[in-house]
Amino acid sequence: MLAICLFHISGCKEKEIKVERLFCDAETVEGKRFVCHGEYFDNGNLRTDEMAYSGKYSVMLNKNRKYGMTYRINDVQEGERFIVRVKRYSETGSGSLILSAQEVRLGYFVAHTPTTTKVENGWMELSLDVVIAQGVDSISVYLFNPNDEPVYFDDLEIIRMPKFDPIYPDLQVLQIRVNDLDMAEMTRLREY
């Protein structure tokens, strides 16, 4: 549980926000899946002990092993915020962290380019900060490298925060409902 202090004109108001954190360090595998604090991440069969940011293991990806550490979340809500981070070792900057929508209804899901921060010993931290758009019911977080160069990933972290308006936390939300045909027409017009 994370407590955040909000500053308003009238002073400081404290509000608790429930934050969920998932963390996978590539250390434990069952079959072909990573097991991290009771949660399962796919592609555990790509674990390697050649290099690691922490512990003994990481995931090595190249063009023959493109996808690593994958986690699906099937109950996302519009307005939820996800911060996703992973450590990456790559000599050329190959390999990426991806958050994608499984299904988008009547809208758009914008992919973001992760920010990159140097950590230590050639390792970089890739980070995404995404707010879930309308019509997105589920997402996948995964690591990707389609290139020849071997790229190592370690310490995948997913932080999930509920929808929260820090400016007007007690104000009711105005909801506008649009039927499917009208929404499809607005989407079509938006594309022009």
Side-chain angles (χ1 to χ4, degrees), residues 1-2 17-77 80-104 109-133 136-162:
M1 186 83 60
L2 174 68
I17 299 175
K18 182 181 176 200
V19 175
E20 296 176 36
R21 180 179 181 261
L22 297 168
F23 184 77
C24 189
D25 59 6
E27 298 301 307
T28 307
V29 174
E30 279 183 17
K32 293 185 177 183
R33 298 180 354 169
F34 293 102
V35 182
C36 304
H37 308 285
E39 297 291 330
Y40 291 91
F41 292 70
D42 294 338
N43 300 316
N45 56 314
L46 303 180
R47 181 174 82 158
T48 183
D49 62 0
E50 294 173 15
M51 179 179 286
Y53 178 75
S54 68
K56 295 180 183 180
Y57 300 100
S58 67
V59 174
M60 190 279 285
L61 302 179
N62 60 29
K63 73 176 185 177
N64 298 319
R65 306 159 44 132
K66 294 179 186 178
Y67 301 96
M69 273 188 203
T70 301
Y71 190 79
R72 289 173 186 79
I73 302 171
N74 294 318
D75 62 344
V76 298
Q77 302 291 319
E80 281 186 304
R81 181 178 176 198
F82 286 83
I83 298 173
V84 184
R85 299 180 188 115
V86 71
K87 305 299 186 290
R88 177 191 71 190
Y89 185 90
S90 170
E91 293 180 9
T92 64
S94 293
S96 192
L97 169 63
I98 298 175
L99 186 149
S100 68
Q102 296 301 105
E103 182 179 335
V104 180
F109 187 79
V110 178
H112 299 275
T113 304
T115 57
T116 307
T117 308
K118 189 174 182 175
V119 184
E120 60 185 317
N121 300 325
W123 286 87
M124 305 290 284
E125 181 176 89
L126 304 181
S127 179
L128 288 170
D129 190 339
V130 176
V131 175
I132 300 300
V136 175
D137 293 331
S138 60
I139 60 171
S140 285
V141 173
Y142 61 95
L143 310 173
F144 180 66
N145 178 31
N147 302 310
D148 287 328
E149 175 198 356
V151 176
Y152 299 87
F153 293 93
D154 203 356
D155 294 355
L156 176 62
E157 178 182 36
I158 302 169
I159 299 170
R160 181 180 189 176
M161 292 178 269

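Positions are given from 1, in the same order as the sequence printed here. Since we're looking at a predicted model, the values are computed, not measured.
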Between Leu97 and Leu156, does a side-chain contact (heavy atoms from CB on, under 4.5 Å) hold up when you go through it step by step?
CA-CA 9 Å; Leu97 169 63; Leu156 176 62; 4.0 Å; yes
Test log, rule side-chain contact (heavy atoms from CB on, under 4.5 Å), inputs Phe153 and Met69:
CA-CA 9 Å; Phe153 293 93; Met69 273 188 203; 5.9 Å; no
Steps toward side-chain contact (heavy atoms from CB on, under 4.5 Å) verdict (Phe82, Val141)
CA-CA 10 Å; Phe82 286 83; Val141 173; 6.0 Å; no
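Here Asn74 contributes atom CG and Ser140 contributes atom OG; the two are 8.0 Å apart, rounded to the nearest 0.5 Å. The structure places NZ of Lys118 at 7.5 Å from CE of Met124, a figure rounded to the nearest 0.5 Å. Distance CZ/Phe41 to SG/Cys36: 5.0 Å, rounded to 0.5 Å. Atom CG of Leu128 sits about 12.0 Å away from atom CD1 of Ile159, to the nearest 0.5 Å. One distance of note links OH of Tyr142 with OG of Ser96; it measures 9.0 Å at 0.5 Å rounding. One finds the CD atom of Gln77 at 7.5 Å from the CZ atom of Arg160 (value rounded to the nearest 0.5 Å).
When every heavy atom of Ile83 is checked against every heavy atom of Ser127, the shortest pair comes out as CG2-OG, 4.5 Å. Summarising the geometry of Tyr57 relative to Ala26, their closest heavy-atom pair is CB-O, 3.2 Å, with the distance given to 0.1 Å. Minimum interatomic distance between Thr48 and Met60 (heavy atoms only, all atoms of both residues): CG2-CB, 3.7 Å.
In this structure, Leu22 and His37 have side chains that are not in contact, with every pair of non-hydrogen atoms separated by 4.5 Å or more. When side chains are defined from C-beta on, Tyr89 counts as touching Met51, because their heavy atoms get closer than 4.5 Å. Using a 4.5 Å heavy-atom cutoff, the side chains of Val84 and Val130 are not in contact. Contact of the Phe34 side chain with the Thr28 side chain is not registered, since no non-hydrogen atoms from C-beta on lie closer than 4.5 Å.
Aromatic ring orientation, Tyr53 versus Trp123: perpendicular (interplanar angle above 60°, classes split at 30° and 60°).
Taking the six-membered ring for Trp, Tyr67 and Phe144 have ring centres closer than 6.0 Å.
Applying the salt bridge (charged side-chain N to carboxylate O under 4.0 Å, His left out) definition to pairs two or more places apart or across chains, those involving residues 140-155 are Lys63-Asp148.
Each of Val59, Leu126, Asn145 was scored for a side-chain contact (heavy atoms from CB on, under 4.5 Å) with Arg88, with one residue passing: Leu126. If you run salt bridge (charged side-chain N to carboxylate O under 4.0 Å, His left out) between Asp42 and each of Arg72, Lys32, Arg47, only Arg72 comes through. When each of Glu125, Glu157, Glu120 is paired with Lys87, the salt bridge (charged side-chain N to carboxylate O under 4.0 Å, His left out) condition holds for Glu125 and for no other.
Remark: Glu50 CD is packed, more than 12 non-hydrogen atoms of other residues, nucleotides or ligands lying under 6.0 Å away.
Side chain of Arg65 to backbone of Leu46: a donor-acceptor contact under 3.5 angstrom is found.
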